[in-house]
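What follows is a set of notes on a single structure, which appears directly below.
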Amino acid sequence: QIHGMPYGNCLLLSDGPVNNSTGIPFFYVTPKDNTVADLLKNPVASLTLPETDGNFCRKNVIDPEDPRCARLTLTGQMVTVPPEEVEFAKQAMFSRHPVVRKWPRSYEWFFMKMNIEHIWLQSWYGEASAIAVEE
């Protein structure tokens, strides 16, 4: 009943190994997940990241989902990681989320990444600011 309708999901992500962040979100996914099946048909996606590590919200004891805490939204195309990048994606994901090594192999896991096209930063109530992808 939701065919063609957008919906959200929580997926583990990593933008590089610890101490080597790239800004490119990598995901370890299975085609058995409806989200991934949809992305393979229509790769347009958005990803919102809350300010969980910033000082303002922690210092003022404000919930990270409160509008006063920064949120970064990335939009773009989700693509399968090409063979020449798989080793990097593996290091990125497994170094930050070691538990994925124990996930059942029968689920046909593979790596995807987001080719970012647009970035918006909302750092207070109201309108979001566009940020150049190059930044």
Side-chain angles (χ1 to χ4, degrees):
Q1 295 203 351
I2 63 169
H3 179 73
M5 298 292 292
Y7 65 96
N9 195 355
C10 295
L11 299 173
L12 289 181
L13 71 103
S14 174
D15 73 338
V18 176
N19 299 323
N20 187 17
S21 295
T22 64
I24 299 169
F26 289 90
F27 304 85
Y28 193 49
V29 297
T30 173
K32 297 180 182 199
D33 183 326
N34 287 339
T35 302
V36 177
D38 285 350
L39 288 170
L40 292 171
K41 293 176 190 169
N42 179 1
V44 177
S46 64
L47 171 65
T48 299
L49 303 165
E51 178 188 7
T52 55
D53 295 328
N55 290 329
F56 174 78
C57 294
R58 187 176 332 144
K59 180 178 155 186
N60 292 293
V61 193
I62 299 173
D63 188 309
E65 294 178 4
D66 186 296
R68 293 171 287 175
C69 298
R71 283 173 278 185
L72 188 71
T73 299
L74 312 173
T75 62
Q77 303 284 319
M78 292 290 290
V79 298
T80 300
V81 170
E84 63 271 14
E85 290 183 49
V86 167
E87 191 56 39
F88 181 81
K90 186 183 291 186
Q91 290 173 12
M93 186 60 62
F94 293 2
S95 69
R96 292 187 187 257
H97 306 288
V99 70
V100 300
R101 292 180 185 179
K102 297 179 182 179
W103 288 359
R105 297 205 187 277
S106 62
Y107 280 73
E108 303 168 13
W109 301 99
F110 68 101
F111 293 97
M112 292 186 87
K113 69 177 182 175
M114 177 182 276
N115 287 335
I116 300 169
E117 297 173 357
H118 303 281
I119 303 173
W120 289 280
L121 177 66
Q122 183 174 2
S123 59
W124 200 252
Y125 297 106
E127 191 173 321
S129 302
I131 297 175
V133 173
E134 298 77 31
E135 291 181 35

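To the nearest 0.5 angstrom, K113 atom NZ is 5.5 Å from I24 atom CD1.
In this view, R71 satisfies the salt bridge (Lys or Arg N to Asp or Glu O under 4.0 Å) rule with no residue, not counting sequence neighbours. Scored by the side chain to side chain donor-acceptor pair (under 3.5 Å) test, T22 finds no partners at all (sequence neighbours excluded). Applying the side-chain contact (heavy atoms from CB on, under 4.5 Å) criterion to A132, with sequence neighbours excluded, gives E134, E135. Not counting sequence neighbours, E87 has no partner by the salt bridge (Lys or Arg N to Asp or Glu O under 4.0 Å) test. Legend: residues meeting side-chain contact (heavy atoms from CB on, under 4.5 Å) with T30, ordered by chain and number and at least two apart, are K32, D33, Y107, W109. Partners of T48 under the side chain to side chain donor-acceptor pair (under 3.5 Å) rule, at least two apart in sequence or in another chain, are T73. Residues meeting the ring-ring contact (aromatic ring centres under 6.0 Å, His included) test with H118, sequence neighbours left out: W120. Applying the side-chain contact (heavy atoms from CB on, under 4.5 Å) rule to V99 yields the partners W103; only residues at least two apart in sequence or on another chain are considered.
Summarising the hydrophobic clusters (Ile, Leu, Val, Met, Phe, Trp, Tyr; side-chain heavy atoms under 4.5 Å, direct or chained), the residues clustered with M112 are L11, L13, F27, V29, V36, L39, L40, L47, L49, L72, L74, M78, F110, M114, I116, I119, L121, I131, V133. Using a 4.5 Å cut-off between side-chain heavy atoms of Ile, Leu, Val, Met, Phe, Trp and Tyr, V44 forms no hydrophobic cluster with any other residue.
When all heavy atoms of A37 and P31 are compared, the closest pair comes out as CB-O, 4.1 Å. Taking each heavy atom of S95 and P17 in turn, the nearest pair found is OG-CA, 3.3 Å.
Residue pairs meeting the ring pair (Phe, Tyr, Trp, His ring centres under 6.0 Å) criterion with at least one member in residues 76-95, sequence neighbours excluded, are F26-F88, Y28-F94. Every pair passing salt bridge (charged side-chain N to carboxylate O under 4.0 Å, His left out) that includes a residue from residues 89-112 is listed here, sequence neighbours excluded: D15-R96.
The closest side-chain heavy-atom distance from F111 to V86 is below 4.5 Å.
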